Structure formats: C-alpha cells, structure tokens
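Input: a single structure, listed below in structure tokens.
Reckoned from all heavy atoms, side chains included, excluding hydrogens, waters and symmetry mates. Lettering follows sequence order; numbering is per chain, from 1. Predicted, not measured: the structure shown is a model, and the values here were computed from it.
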Amino acid sequence: APSLFAATPRTSKNNYRLAQVYLHKYYTRKGGHQVGEMVARGSNSIVKKIKELQAFFGLQVTGKLDRSTMDMIKKPRCGVPDVAN
Amino acid sequence: YRLFPGEPKWKKNTLTYRIAKYTPSMTSADVDKAIEMALQAWSSAVPLNFVKINSGVADIMISFETGDHGDSYPFDGPRGTLAHAFAPGEGLGGDTHFDNAEKWTMGTNGFNLFTVAAHEFGHALGLAHSADPSALMYPTYKYRHPYGFHLPKDDVKGIQALYGPRKMFPGKPTVPNVPPHNPTIPDLCDSSSSFDAVTTLGKELLLFKDRIFWRRQVHLMAGIRPSTITSSFPQLMSNVDAAYEVAERGTAYFFKGPHYWITRGFQMQGPPRTIYDFGFPRYVQRIDAAVYLKDAQKTLFFVGDEYYSYDERKMKMEKDYPKNTEEEFSGVNGQIDAAVELNGYIYFFSGPKTYKYDIEKEDVVSVLKSGSWIGC
C-alpha cells in the first residue's frame with residue numbers, strides 16, 4: 001500500500017478500497033477475479049489495472065493511485081466496463 | 001471510438017423500445033421526451049428508426065433500477081455508476097438501465113437524462129467506450145445540452161462504422177438531424193426542388209423544406225417569409241415528412257419517420273406518438289404526404305405510390321386501403337411529396353410540379369410550378 005499512496009493511512013485505505021471496487025468493475029475482463037476476492041495490496045494485478053486505467057484516460061502511467069487517478073475514479077460514470085467484456 | 005468484441009450490431013433498421021419502469025425524480029412525459037431525443041441523436045446519423053411500444057418485449061427495454069436488479073451488474077447508490085446498457089443482441093441485448101438512486105433531470109440540477117441516455121444507447125447500438133474526451137462515448141459524465149445537440153465526430157464515425165451513414169431517400173432527401181448553425185435557405189426557385197410537407201395552420205399556409213419553412217397567407221402572396229423549423233418547432237428540427245390540419249378541431253399533425261406530433265397552432269401538445277396509432281401496418285415506417293378533406297372529414301396519407309384513407313370522425317383507417325394513387329387520381333403523376341386542400345381543390349406537390357385536382361370533377365385542372373407558392 002505505501003508504494004501506491006502518498007496519502008494519510010485512513011484516506012489511503014478508503015481510496016484503496018474505492019480503487020479496488022472500480023478496477024474490478026471496469027478493468028476486469030470476463031472470467032476475471034470475482035468481487036470480494038482478496039488481492040494482496042500492490043499486487044501485480046492491481047498495478048497492472050491501474051496502468052490500464054491511466055492509459056485509457058490519458059493520465060501519466062505510474063501504476064500508483066496518485067491524485068489525478070483518484071480524481072478520475074471518483075467521477076460519476078457509465079457502468080459499462082472500459083475493457084473488452 | 002471502439003466497438004465491442006465481435007462487433008455485435010442490430011440486423012434490422014427499425015428497433016422497438018419500451019420504458020418499462022420510470023423514475024420518481026422526473027415526470028413520465030419528460031422521461032419520454034429525453035429518451036426520444038437521445039435515440040434521435042443516433043438515428044440522425046445512421047439508417048435506424050426507433051418505435052416506442054408500451055407493452056410486451058421491445059428490442060431495447062429501458063428501466064430505472066435500484067441496487068442489485070438481477071443482471072449481475074448491481075448499482076451502487078448516488079453518484080458512482082449512473083447507468084449501463086447491453087450490447088445488441090437477443091434478450092438482455094440492447095437493454096438499458098438507469099440507477100434510480102440518482103437525481104435525474106431534464107436540465108443541470110442533477111444528472112441530465114438526455115446526456116446519459118444518449119451515451120447508453122450508443123452501447124445498446126454496439127459502441128464501447130471511447131478514449132476521446134470529447135466523445136459522447138467517453139465513460140465519465142459530462143452534461144450535453146439536448147436542444148441543438150450535435151453527435152461528436154468520433155461517435156458519428158463509430159456508429160457509421162457499424163450501420164453506414166443515413167441514406168438519402170429517393171425524392172425525399174433526409175440528412176442527419178445535425179442542424180448547421182446557420183441553415184442555408186434551400187433554393188426552391190431552381191426547378192428540381194419540391195416541398196417536404198405543406199399544411200394550413202389557422203389562416204396561414206406553411207410550406208416545409210429541409211430545415212426551413214415558409215409562412216404565407218392562404219390567399220395572398222404578400223409577406224412570405226422563411227423561418228427555421230427549430231425556431232417554431234424545436235422537436236421537429238428538420239425534414240418534416242408530412243403535415244395536415246383538421247381546422248374544425250384546431251389541431252395540426254406533423255409527421256417524421258414513424259412518429260407524429262400534435263399541435264394547437266404552434267404549440268406542441270405533448271411528446272411524439274407513433275404513426276401506428278392511425279392503424280398503419282408495421283411495414284410502413286414513414287409518410288410521404290397527408291391531406292385532410294374537409295367535406296368528407298377524411299385524411300389521405302400517401303406512402304410511396306399508394307395512399308390510405310383515415311376517417312377522422314370514427315378515428316380509424318378505412319377498409320380496402322391502400323390504393324394506387326395514380327389509378328385513383330387521374331392526371332397526378334409521380335410520388336406525392338406534399339398535399340393540401342384549398343377551396344375544393346387538392347394541390348398535389350410532386351417534385352417541381354403542383355397538380356391542382358378538382359375534387360368534384362375528379363380530374364387535374366391545371367399544373368403549377370411548386371416554387372410559385374413562395375413567389376418564385
């Protein structure tokens with residue numbers, strides 16, 4: 001987690017959870033991890049999805065939940081995934 | 001733009017839709033309107049028509065849902081996920097769900113339903129998310145003003161990659177409902193043009209062409225002036241197919257594709273309805289011309305080289321129709337673009353000619369230039 005955040009522990013935990021749900025919803029291909037699956041923090045899979053999100057939205061691809069990435073994650077949006085489903 | 005894997009698309013060009021569940025945060029009429037305009041945003045760019053049904057299973061079932069609503073994509077309460085739609089296909093395919101936990105609106109004090117619906121119908125027609133921030137199919141919400149909405153280029157390219165551009169109808173040119181900022185006034189004085197629709201409205205005569213209509217006194221040539229259709233009939237935007245007035249009722253009817261609007265004068269009376277209210281067979285998807293015959297209290301609808309007769313008193317289509325136009329109206333040639341009855345004559349507009357048909361004599365008594373009606 002520290003590698004993913006620069007925020008305070010509480011904020012970072014909330015943001016991490018928010019990001020995890022978002023990435024599961026919109027960046028998990030069919031047959032991917034089911035919701036509620038425990039993913040080790042900072043695992044390859046999460047970092048990979050963060051990079052995919054950052055690339056799709058034209059953000060700097062860092063693999064980290066930086067400010068601009070979290071801002072994008074918090075925007076109201078369509079429920080259809082951004083990756084092929 | 002992006003398409004879904006396998007590029008699913010609809011194999012027919014008339015799709016039905018049904019709003020199965022509404023939301024308490026908007027009136028049903030406003031929901032109907034927003035949905036109608038959101039679909040029209042797409043049908044102006046591709047040869048697809050949308051017909052609203054109020055019962056049974058439609059191709060595109062639309063509903064406002066809360067939380068887990070049975071499609072394994074539960075909603076998440078206010079904000080976050082606003083709506084989703086399924087790619088074209090049987091059953092769930094095309095269906096579109098809106099999160100009832102959101103505050104839906106026709107304006108900006110909440111999430112604008114037209115904006116979100118137009119995006120979701122892009123999915124229902126086969127578009128995935130676009131990475132172009134200016135595209136309607138960009139995943140995050142950005143308010144779009146419904147009136148005068150122009151489908152962004154990226155979305156036009158994407159949807160036309162699936163369905164091709166909206167074709168021009170022979171004799172009745174239709175262009176995407178993307179009104180230019182300053183529509184040019186079509187030159188009716190050149191010999192090839194005709195009108196899209198002609199009707200009386202009170203003491204005036206209205207003649208429609210593309211995005212423009214001319215108003216004039218019925219019996220006077222003076223004071224003819226062109227206006228944009230959107231200035232008086234925002235919902236109609238452009239390319240009216242047919243129009244007629246039942247003067248004794250003070251109501252007029254305007255037709256476009258499979259829909260029609262009722263007005264009192266220039267006041268629209270509610271959202272668009274489907275032409276199937278009149279009893280047309282389902283294969284009829286648009287009307288070429290319509291004319292109300294005062295004495296007979298019947299309305300004639302012209303479709304291709306045939307016509308139907310609708311009894312306005314009984315409010316039902318007459319039996320033994322359609323009939324062939326040229327067989328019934330001797331001397332009138334070609335497809336009818338528009339028609340209007342004045343003082344016992346029916347004026348049939350067909351291309352650059354107008355046939356003056358004497359109802360008593362049942363024959364054409366003269367042929368005029370269509371452009372002469374607006375002073376050419």
Members of [range] whose heavy atoms come closer than 4.5 Å to chain A:
range                       : result
residues 76-91 of chain B   : D76(B), R79(B), G80(B), T81(B), L82(B), A83(B), H84(B), A85(B)
residues 121-136 of chain B : H123(B), H129(B), S130(B), A131(B)
residues 93-113 of chain B  : F111(B)

>> Could you check whether atom NZ of K51(A) has more than 12 heavy atoms from other residues, nucleotides or ligands sitting under 6.0 Å from it?
In response: no
> How would you list, by chain and number, every residue that makes a salt bridge (Lys or Arg N to Asp or Glu O under 4.0 Å) with D59(B), sequence neighbours excluded?
Replying inline: K12(B)
> Minimum heavy-atom separation for R77(A) to T140(B), with atom names?
Replying inline: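 Nearest pair, atom of R77(A) first, then T140(B): CB-CA, 3.8 Å.
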>> Within the 4.5 Å heavy-atom criterion, are Y141(B) and C78(A) side-chain neighbours or not?
In response: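 No. Closest side-chain heavy atoms not under 4.5 Å.
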> Where does F75(B) contact chain A at under 4.5 Å (heavy atoms): side chain, backbone, both or neither?
Replying inline: neither
